[in-house]
Amino acid sequence: MAEPASRPGPLRHLVLVLGDQLDAEASGFDGFDPGCDAVWMAEVAEESTHVWSSQPRTALFLAAMRHFAQALGAAGRPLHYTRLDDPGNRGSLAAQLAADIARLRPQALVMTAPGDWRVLQALREAAAAAGLALDVREDRHFLCSVREFAAHARGRKQLRLEFFYREMRRRHGVLLTPAGEPEGGEWNYDADNRKPFGPQGPGFVPPRATFEPDATTREVIALVRERFAAHPGRLDSFAWPVTRAQALQSLQRFVDERLAGFGDVQDALWPGEPWLWHSHLAAALNLKLLNPREVVAAAEAAYRAGRAPLAAVEGFVRQILGWREYVRGIYWTQMPGYLERNELGAHEPLPAWYWTGDTAMACLKDAIGQTLEHGYAHHIQRLMVTGLYALLLGVDPKALHAWYLAVYVDAVEWVELPNTLGMSQYADGGVMASKPYVATGQYIARMSPHCKGCRFDPTQRTGDRACPFTTLYWDFLMRHEQRLAANPRMALQVKNLARLAAPEREAVAARATAIRRGEVAGA
Ligand code: FAD
Ligand code: SF4
């Protein structure tokens, strides 16, 4: 990308824009003057190697960055852009910034608050080393600032989504009656959203919006294939939105065609069906191609126009206005210590097949296979298939975090880390979730037909055909019995342990050990 023509006067502000900050209205651009300011963007290898970033994830970020750079150019904003394949690319954001500061000599640096603690520290250090002020501005993309979240959290023994979510609905006037009460009389219709598909499966689901890669995206795909050839994931079916216009089309398609069906079967799984009734908007939101306000407004408008039922719209709004803002608040109020939390003392390595999908466990094979193919899996696949298995196995939460951050196209640390460490692994000891989400293989059997095509049996906890989820579930309860017994929400599950006589406990523990040692074929 061409460097801007040399300017007559000094460079006042260099405005730093990261790969997940592709919003031309972001606070970093406030007061931007093309006469004396310039934008800085850099593609650097470190962002694809600090975790083993999958090919779809890296390709999406780079393609979206290059399209955003083109839009900045068209809007007349001077830009200094370093490409991954530029000779002299310094390889990390901090090193590239240091080199560009020395070359461009800006008077100050400006940026919208980044999404990663690690990146913020690195850029702060680079600015300080150059003796420059770094003006980090509030990220207006979010509906709840970190300060507001901290105020919400202050004095509370436990943080729970429900209270925060109600506050957000009230504060932003979403799905309220004129009297300020929740539409339909209830705040939350989650109980209606947990149905499996019937035996006939999901039937016809309106397809997601897909986008044929243009010349810019094809160039990125070729670069990623060559430069990150050994990284996981495939690019043959890459069709993600990479511009704001495409992201808006995806939103429109979802609201028009799938929102009405979003609620009911939100937790259901079906082999070979990755997309179902989900929105697939997380990546566009996290790259800031979409604003959550417009997403929530579009969903609410569909409800008001009678185009989608309340339970579906409320369920969707809760994800965006509730969960998404809530996990961001948790991340920024708990970091940097949060990354080190390991409350359950889990230290097992992540099984190597998480990177290949090469396992005989049908549910895991399906979830990981589509993850590698598309960089996508829906929430219950992440929480109750890949996440649950790692929790039951006792995988080191940091190793699992490195996997989730690497493989999904929507993965950015502020949202991935609390979901992995907190919601899925209970490694924060209950900051985020009131109990560990644990279940046997029978949960998966209820929500999908996976078990019918699997060599394991979800009803068995011991023996050759015992489902590893089921064995490891009982083993998990035994290993953490004392701690879990103190949690009223786990009391019933722990009480069931009393049904296991000593020889059965021993058999469960022995098979769990065999699974951990890789001695059970297919697990
Ligand atoms: P939909 O099912 O259509 O939901 C709508 C939107 O709500 C999503 O696009 C997302 O923006 C938001 N949302 C829903 N659930 C959550 C949640 N728990 N936290 C935050 N936002 C939510 N989400 C990410 O955006 N990035 C991640 O890296 C990520 N990692 C996860 C790791 C684990 C272990 C788990 C259990 C969940 C993770 N999630 C993550 C949350 C959720 O699974 C994804 O947002 C969702 O599956 C994305 O698909 P979708 O866009 O089709 O979502
Ligand atoms: Fe998954 Fe167990 Fe069912 Fe196999 S039997 S699909 S491993 S839950």
Side-chain angles (χ1 to χ4, degrees), residues 20 57 115 161 193 208 250-251 254 258-259 262-263 266-267 269 271 274-287 290 292 295-296 299 315-328 330-331 359-367 375-391 397 400-401 403-425 432-433 437 439-460 465-473 522-523:
D20 63 342
R57 177 173 181 262
L161 172 83
N193 293 346
R208 70 184 176 130
S250 296
L251 170 61
F254 168 69
R258 292 194 309 282
L259 174 61
F262 177 81
Q266 204 179 313
D267 287 3
L269 312 159
W275 311 111
L276 298 169
W277 294 89
H278 294 272
S279 73
H280 327 121
L281 293 175
L285 276 160
N286 297 349
L287 267 57
L290 284 179
V295 175
V296 167
F316 180 70
V317 163
R318 181 164 11 97
Q319 311 305 315
I320 309 274
L321 187 65
W323 282 111
R324 189 166 182 271
E325 299 285 333
Y326 175 75
V327 299
R328 181 192 180 237
I330 293 205
Y331 179 81
T359 169
M361 291 183 274
C363 53
L364 280 155
K365 192 180 185 64
D366 189 63
Y376 179 83
H378 72 68
H379 186 66
I380 291 301
Q381 290 176 303
R382 299 186 204 196
L383 183 66
M384 297 307 286
V385 181
T386 47
L388 173 61
Y389 194 74
L391 171 63
L400 187 67
H401 151 64
W403 184 78
Y404 278 106
L405 191 56
V407 295
Y408 290 109
V409 289
D410 51 48
V412 185
E413 192 173 278
W414 64 264
V415 54
E416 175 278 325
L417 186 66
N419 270 299
T420 303
L421 230 83
M423 186 187 295
S424 158
Q425 300 300 295
M432 178 131 169
Y437 287 101
T440 65
Q442 281 173 286
Y443 170 84
I444 292 169
R446 232 182 0 264
M447 299 311 290
S448 79
H450 278 304
C451 306
K452 290 181 191 140
C454 185
R455 57 171 288 190
F456 298 109
D457 177 350
T459 65
Q460 305 292 313
R465 291 202 58 229
C467 163
F469 281 86
T470 305
T471 307
L472 292 169
Y473 166 83

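Ligands are counted one by one from 1 in listed order, and the atoms in each one are counted from 1 as well. Positions are given from 1, in the same order as the sequence printed here.
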So, for [X] and [Y], which heavy atoms are closest and what is the spacing to 0.1 Å?
{"X": "Cys467", "Y": "Pro458", "result": "CB-CA, 3.5 Å"}
{"X": "His278", "Y": "Tyr376", "result": "CB-OH, 3.3 Å"}
{"X": "Trp414", "Y": "Gly115", "result": "CB-O, 3.2 Å"}
{"X": "Leu259", "Y": "Ala299", "result": "CD2-CA, 3.8 Å"}

Chi angles and distances behind the side-chain contact (heavy atoms from CB on, under 4.5 Å) call for Arg258, His280: CA-CA 11 Å; Arg258 292 194 309 282; His280 327 121; 3.3 Å; yes
Within ligand 1, which atoms have a heavy atom of [X] less than 4.0 Å away?
{"X": "Met423", "result": "18 (N)"}
{"X": "Thr420", "result": "32 (C), 34 (C)"}
{"X": "His378", "result": "47 (O)"}
{"X": "Phe316", "result": "5 (C)"}
{"X": "Leu383", "result": "36 (C)"}
{"X": "Asn286", "result": "24 (C), 25 (O), 26 (N)"}
{"X": "Leu285", "result": "11 (O)"}

Ligand 1 versus Tyr376: contacting region, heavy-atom distance under 4.0 Å: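 Tyr376 to ligand 1: side-chain contact only, backbone stays beyond 4.0 Å.
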Side chain, backbone, both or neither: Phe262 near ligand 1, heavy atoms under 4.0 Å: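 For Phe262, only side-chain atoms sit under 4.0 Å from ligand 1.
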Among all protein non-hydrogen atoms, which one is nearest to [atom], and what is the separation to 0.1 Å?
{"atom": "atom 16 (C) of ligand 1", "answer": "Trp323 CB, 3.9 Å"}
{"atom": "atom 23 (N) of ligand 1", "answer": "Val415 CG2, 3.6 Å"}
{"atom": "atom 10 (C) of ligand 1", "answer": "Ala282 CB, 4.1 Å"}
{"atom": "atom 18 (N) of ligand 1", "answer": "Asn419 OD1, 2.9 Å"}
{"atom": "atom 15 (N) of ligand 1", "answer": "Gln319 OE1, 3.3 Å"}
{"atom": "atom 53 (O) of ligand 1", "answer": "Ser279 OG, 4.0 Å"}
{"atom": "atom 50 (P) of ligand 1", "answer": "His280 N, 3.6 Å"}
{"atom": "atom 40 (C) of ligand 1", "answer": "Arg382 NH1, 3.5 Å"}

Scan the side chains in residues 416-425 for donor-acceptor partners under 3.5 Å anywhere in the protein, sequence neighbours excluded, and list what turns up.
residue: Glu416; atom: OE1; partner: His401; partner atom: ND1; Å: 2.7
residue: Glu416; atom: OE2; partner: His401; partner atom: ND1; Å: 3.2
residue: Glu416; atom: OE2; partner: Thr420; partner atom: OG1; Å: 2.7
residue: Asn419; atom: ND2; partner: Val415; partner atom: O; Å: 2.9
residue: Thr420; atom: OG1; partner: Glu416; partner atom: O; Å: 3.0
residue: Gln425; atom: OE1; partner: Leu391; partner atom: N; Å: 3.3
residue: Gln425; atom: NE2; partner: Gly387; partner atom: O; Å: 2.9

Step-by-step side-chain contact (heavy atoms from CB on, under 4.5 Å) determination, Tyr331 to Val412: CA-CA 11 Å; Tyr331 179 81; Val412 185; over 6 Å; no
Option from Ile444, Leu388, Val385 for which side chain to side chain contact (heavy atoms under 4.5 Å, CB included) with Leu364 holds: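 Single side chain to side chain contact (heavy atoms under 4.5 Å, CB included) partner of Leu364 among Ile444, Leu388, Val385: Val385.
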Option of least heavy-atom distance to atom 6 (C) of ligand 1 (set: Ile320, Asp267, Val317):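 Closest candidate by heavy-atom distance is Ile320.
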Closest to atom 36 (C) of ligand 1 (judged by heavy-atom distance), picking from Gln266, Arg57, His379, Glu416: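 It is His379 whose heavy atom sits nearest to atom 36 (C) of ligand 1.
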Trace of the side-chain contact (heavy atoms from CB on, under 4.5 Å) decision for Thr470 with Thr459: CA-CA 7 Å; Thr470 305; Thr459 65; over 6 Å; no
Results of salt bridge (charged side-chain N to carboxylate O under 4.0 Å, His left out) for Arg382 - residues two or more places apart only: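 Arg382: salt bridge (charged side-chain N to carboxylate O under 4.0 Å, His left out) contacts with Asp410.
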Residues that Phe316 engages under ring pair (Phe, Tyr, Trp, His ring centres under 6.0 Å), provided they are two or more places apart: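 With sequence neighbours excluded, Phe316 shows a ring pair (Phe, Tyr, Trp, His ring centres under 6.0 Å) to Phe254, Phe262, given in chain and number order.
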Ala377 heavy atom under 4.0 Å from ligand 1: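 Under 4.0 Å: yes for Ala377.
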Distance-only N or O hit between ligand 1 and His278, under 3.5 Å: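 N/O-N/O distance under 3.5 Å: yes.
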Worked check of side-chain contact (heavy atoms from CB on, under 4.5 Å) between Cys363 and Phe469: CA-CA 10 Å; Cys363 53; Phe469 281 86; 3.5 Å; yes
Total protein N/O/S atoms whose distance from atom 2 (Fe) of ligand 2 is less than 2.8 Å: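 Step by step: take atom 2 (Fe) of ligand 2, keep protein N, O, S below 2.8 Å, and you get 1.
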